[in-house]
Structure formats: structure tokens, C-alpha cells
Amino acid sequence: MVVFDRGEPAISGLAFQGIESEVDDVSGDLRDFSPLSKALKGVEAVFHLAAQTIVGTANSSPLPTFETNIQGTWTLLEACRQGDVERVVFASSDKAYGPHKQLPYTEDAALQPIFPYDVSKAAADLIARSYWHTYELPVAVTRFANIYGGGDLNFSRLIPEAVTAVLDGRRPVIRSDGSPERDFLYVEDVAAAYIAIANTLAGGKGAGEAFNAGWGKPNSVREVLELICEVAGSDIEPDIRGTGNPDGEIDRQYLESTKIRELTGWQPRIDLRAGLSRTLEWYREHPEVRPAEQGSAD
């Protein structure tokens with residue numbers, strides 16, 4: 001197994017999993033074709049998860065977001081094409097759909113993004129699928145719900161910030177008013193979906209297609225916070241600092257996942273309560289990763 005990333009993180013997820021010795025960790029820039037091409041030698045399947053993922057950062061710094069998410073994607077795909085990689089699963093996003101009034105999103109809905117992060121994912125989504133239709137590189141794209149679980153060290157996200165705040169006895173800071181709604185998918189279900197799609201590509205199906213994955217029902221930020229407190233046995237109240245939805249973010253999203261269920265047999269197994277309980281337990285067992293200062297989540 002080969003992992004390609006920009007550099008050694010301060011805290012390695014591979015170390016948490018105990019698999020550092022089993023992984024060839026290659027440092028490099030996704031936009032740099034030569035080292036990327038070398039890293040792909042002998043690789044049969046690629047899971048393209050690399051991106052600038054934070055909406056607020058994308059809004060304040062659109063150029064590096066476009067360079068990483070769009071240029072990085074076409075560079076990787078071209079390296080895969082020239083390296084005869086057998087299949088590629090590219091992580092697009094439900095944000096690529098944009099703020100549709102008709103919900104849930106289905107895979108045939110138009111991509112109508114308006115904010116920098118969302119636009120970057122939609123552009124890369126289209127580029128990825130073009131590599132099947134033009135060059136017959138077996139590529140599928142995923143548009144998954146909001147992913148959560150242990151090991152997420154970005155504390156500007158709702159669940160890592162709220163979970164660690166509750167564990168540390170402080171009020172989680174929320175940038176919205178608690179009303180925005182999202183579909184949430186636990187990380188183990190996400191991993192199973194990636195593998196199911198890769199296996200489907202290996203079987204000769206799904207190339208050039210997009211796949212949604214989620215529970216098909218939204219939960220509000222406030223509902224998620226209440227459930228975190230409930231499973232943690234805490235009565236801490238969140239610090240609500242927003243009015244409505246944060247600028248540059250979509251207010252309400254959830255997904256229809258019939259296609260992936262029917263084509264691959266995948267379905268989510270870990271509901272929000274169970275997933276939050278597992279997430280709380282992970283951060284409880286790893287106090288060294290919890291932020292020393294207060295964060296700010298959606």
C-alpha cells in the first residue's frame with residue numbers, strides 16, 4: 001500500500017492505526033507530475049482523497065483551493081492514465097451539487113455550485129468522469145454525506161469540535177444558529193463504500209459514474225449537538241454565535257443512495273447515535289490530540 005501526501009503530519013493517523021510499517025508513505029505535492037507518477041508504479045487501484053477540504057479556508061484562499069482540488073486532480077488522473085492504473089475512485093462531495101431546492105440529491109441532479117470549495121469539487125468531478133469517457137480510464141466519483149468519526153483532527157468541523165469540547169468540559173462554539181441540516185455518515189461506512197465501488201469497477205461496472213452515499217435523512221446542527229451531549233452524559237450548552245447559516249455554506253443537504261445500494265450491495269450500518277458514541281470513545285482514548293484552546297465549528 002502506498003500513501004502519497006504533502007509531508008509527515010505532526011500526529012500520524014497511520015500510527016494510531018498501528019500500520020505505519022505496512023504502508024509506503026511517499027511525500028510530495030499532488031500537482032507535481034513526476035513524483036506522483038513514480039509513486040504510482042505497480043499500483044492497481046487509486047483512492048483519490050487528497051483535497052483542501054475546509055469551506056472557510058476555500059472562501060478566504062480560493063487560488064490554492066483551485067490549484068489543489070482541480071489541478072491536483074487532473075495531474076493525478078493523467079499520471080494514472082499514463083501508468084495504466086486499473087481503477088480510480090475519486091472523492092467528490094455532496095457540496096458539488098450546490099444549493100438545490102429539490103432534495104434529496106440524486107446522481108442525475110445538475111451540479112450547480114456557487115462557492116469556491118463547492119465549485120472546485122464539481123470541476124474535479126467533471127474532469128474525473130471525462131477520463132473514462134475520453135480515455136477509458138476506469139474512474140468513479142463519490143458524492144458522500146458529511147463524514148465523521150475518530151481521527152479527524154480538524155477542529156473547525158462540527159463533530160470533532162463538539163465532541164472534544166464536551167469531553168473537556170467546555171461549551172462547543174457554533175458558527176451557525178444550529179439550524180443548518182446535513183446528512184452524516186460514519187467513517188467505517190465510508191470506507192466500506194469506497195471499497196464496494198472499487199470492487200464494482202474491478203467487475204467492469206460503474207466507470208464514468210457518480211455514486212451518492214448517505215442515510216437519506218438530514219439532522220440539524222442542534223440535533224447533533226444534543227445527541228453528543230446525551231451519549232456523553234453531559235448537560236453542557238453550546239455557545240451559539242451565528243444567525244442562520246454561515247456565509248459560503250449550503251443550508252440544507254441530504255442524499256438519495258439507491259444507486260450504490262443496488263449496484264454494489266453497500267448500505268450504511270452505523271447510525272448517528274452509534275457513530276457518535278464510537279467517536280466520543282476514540283477522542284476519550286486519545287486526549288493528546290484534543291485542542292488546548294477553543295475551536296469554532298459549524
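Note: hydrogens, waters and symmetry copies are ignored here, and every other heavy atom, side chains too, is used.
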* Using the six-membered ring wherever Trp is involved, compare the ring planes of Tyr135 and Tyr131 and label them parallel, tilted or perpendicular (cut-offs 30° and 60°). => tilted
* **Plane angle bin for Tyr97 and Tyr105 - parallel if under 30°, tilted between 30 and 60°, otherwise perpendicular** => parallel
When you check the gap from the basic side-chain N to the acidic O, do [X] and [Y] get nearer than 4.0 Å?
| X | Y | value |
| --- | --- | --- |
| Asp183 | Lys217 | no |
| Glu67 | Arg31 | yes |
| Glu107 | Lys259 | no |
| Glu230 | Arg273 | yes |
| Lys121 | Asp125 | no |
| Glu281 | Arg278 | no |
| Arg170 | Glu161 | yes |

* **Hydrophobic cluster membership, Ile197 vs Val187, 4.5 Å side-chain cutoff** => yes
* Asked: In terms of hydrophobic clustering (I, L, V, M, F, W, Y; side-chain heavy atoms under 4.5 Å; direct or indirect links), are Leu111 and Val141 co-clustered?
  -> no
Is the shortest side-chain heavy-atom distance between [X] and [Y] below 4.5 Å?
| X | Y | result |
| --- | --- | --- |
| Val26 | Val3 | no |
| Val89 | Thr142 | yes |
| Leu276 | Ile159 | yes |
| Tyr186 | Thr279 | yes |
| Thr164 | Pro291 | yes |
| Gln71 | Trp74 | yes |
| Ile174 | Asp239 | no |
| Pro238 | Pro172 | yes |

Donor-acceptor under 3.5 Å ([X] side chain, [Y] main chain):
| X | Y | result |
| --- | --- | --- |
| Trp266 | Asp189 | yes |
| Asp118 | Ala96 | no |
| Arg182 | Pro218 | no |
| Arg222 | Ser179 | no |
| Ser257 | Gly214 | yes |

Check the side chains of [Y] and [X] for a donor-acceptor pair under 3.5 angstrom, ignoring hydrogens and angles.
| X | Y | result |
| --- | --- | --- |
| Gln102 | His100 | no |
| Gln52 | Thr65 | yes |
| Arg157 | Thr53 | yes |

Nearest 0.5 angstrom please: [X] [atom1] to [Y] [atom2], how far?
| X | Y | atom1 | atom2 | value |
| --- | --- | --- | --- | --- |
| Asp94 | Arg143 | CG | CZ | 10.0 Å |
| Leu185 | Asp271 | CG | CG | 11.5 Å |
| Trp215 | Tyr254 | CH2 | OH | 16.0 Å |
| Ile228 | Ile236 | CD1 | CD1 | 11.5 Å |

* Asked: Ring centres of Phe211 and Phe144 under 6.0 Å apart?
  -> no
* Is Gln82 atom CD crowded by more than 12 heavy atoms from other residues, nucleotides or ligands, each under 6.0 Å away? -> yes
* To do: Would you verify whether the NZ or CZ of Lys95 falls within 45 degrees of the ring axis of Phe115 while also being under 6.0 Å from that six-membered ring's centre?
  => no
